[in-house]
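Okay, so here's the structure we're looking at.
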Amino acid sequence: MKKVPFTKADVEKWTNTYPTPFYIYDEEGIRKCVTDLYKAFSWNEGFCEYFAVKALPNPSILRLLNELGCGADCASEPEIVLAQRSGITGKKIMFSSNETTKREYEIAINAGAIINLDDLTHIEFLEKLGPLPDTMCCRYNPGKFRNTNDIMGHLYDSKFGMTYEQIKVAFKTLKDKGVKHFGIHAMLASCCLEEDYYPRLAEELFELVLEMKHDFDISVEFIDLSGGIGIPYKPDAQPVDIFEIGDGVRKVYERMIEDNGMKLSLYTEMGRYITGPYGYLVSTCVHYKHIYKEYIGLDSSCCDLMRPAMYGSYHHITVLGKEDAPFVGKFDVVGSLCENNDKFAVDRKLPKVDIGDYLVIHDAGAHGHAMGYNYNGKLRCAELLMNKDKEVKLIRRAQTMEDYFITLDIDPQFK
Ligand SMILES: *Cc1c(COP(=O)(O)O)cnc(C)c1O
């Protein structure tokens, strides 16, 4: 069963200061997750997790992750600035962008970030901006993932990365142009719950490492396994065993890298795995509606959490105070947008829900608040951080009407 690390009484207390809807993140959960990740890869000297900022772009979270040794994976100017202002600087920033503008590259180079090139043509594009950085990473798209299973098909349709032929040309060209330190990056899966994904990806990338050595005498110094490790959204799914994953990668590393007298650092760029399970969207039931189906109406909407509406994703829901109550039927749990896909859950078995009950949506800590938007004039909700003593701190206030209208301040007639 999925558990919520706070009670109805806790939320009643918090709502005196912070009305629903709000996001709340469990600091201890994130700490333990990152600590275990570092333990699982402690056999690799240079291991670093570059947290994918897009998953949860909040400075309080980034400072916590920085304290735990993480870097930041960024893809835009605001993400770079957010990382820097949270204390993550220089090579602790991985710039894994695509369709990158000139300005974004300039910002990334000035920040001293590691540039992860998405395409061969970007070498020429970068050169126009000045000398190439000493360290460069290239993003690989093998087209198909060997020994693959179904989840990781469709790489031919993926806009990311360079082909096998291109990445070899890229490394040779970069070397000829004086680049000294090299890395390889690939992200071939999303929300993968299989422990052998990273080991198989590592094997694929280590093969390329050996070829670079053989063909161009390039010693690749780091491999970025990127994100893609999944979390169990459904109550019957099992979380991945990060120690088994670390051990699986270690075996491939020993066989392919160590036994060939080589050495390199491993990086990850996880987002979902690090914060996903430790974030909750807390809403209040404001209406109950019975027509052809039964509807539970919340004070939040898919502007707060887009995943169910966008991907049809399952997010578990707990009615606080009724954790052990029996199910009484199936309900659609809906938000207030004038869009019929604004449903957090469809035909969900739930206990009897009363108006005023708090509904907690699980696994909202990654790609949750971050994907929020203002459609239908919905204002973005607040974010709270809960420590181990269940004390909460406001880490982003809710948007106000003033915030909503701010970009219209250029219109003198609009007051
Ligand atoms: C989104 C993304 C990640 C993080 O993915 P998760 O599935 O959240 O772990 C990492 N790297 C890149 C380049 C991404 O675009």
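Numbering of ligands and ligand atoms starts at 1, following listing order. Please read all numbers here as calculations on a predicted model, not as lab measurements.
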Would you tabulate the polar-atom pairs, meaning N/O of ligand 1 against N/O of the protein, with distances under 3.5 Å, reported to 0.1 Å?
unit_1: ligand 1; atom_1: 7 (O); unit_2: G228; atom_2: N; d: 3.4
unit_1: ligand 1; atom_1: 8 (O); unit_2: R272; atom_2: N; d: 2.8
unit_1: ligand 1; atom_1: 8 (O); unit_2: H367; atom_2: NE2; d: 2.9
unit_1: ligand 1; atom_1: 9 (O); unit_2: G228; atom_2: N; d: 3.2
unit_1: ligand 1; atom_1: 9 (O); unit_2: G271; atom_2: N; d: 2.9
unit_1: ligand 1; atom_1: 11 (N); unit_2: D73; atom_2: OD2; d: 3.2
unit_1: ligand 1; atom_1: 11 (N); unit_2: S226; atom_2: OG; d: 3.1
unit_1: ligand 1; atom_1: 11 (N); unit_2: E269; atom_2: OE1; d: 2.6
unit_1: ligand 1; atom_1: 15 (O); unit_2: K54; atom_2: NZ; d: 2.7

Note to self: Would you say the rings of Y233 and Y314 are close, in the sense that their centroids are separated by under 6.0 Å?
What the structure shows: no
Next item on the list: Mark yes or no for whether K92, through its side chain, and G69, through its backbone, hold a donor-acceptor pair below 3.5 Å.
Entry: yes
Checklist line | Any donor-acceptor N/O pair, D332 side chain to D347 backbone, under 3.5 Å | finding: yes
Notebook entry, point to check: Should the pair R103-E77 be classified as a salt bridge under the 4.0 Å nitrogen-to-oxygen rule?
Noted result: yes
Margin query: Can a donor-acceptor pair be found, under 3.5 Å and without considering hydrogens, that links the side chain of D26 to the backbone of Y278?
Written below: no
Check: H369 and R380: side-chain donor and acceptor closer than 3.5 Å?
Finding: yes
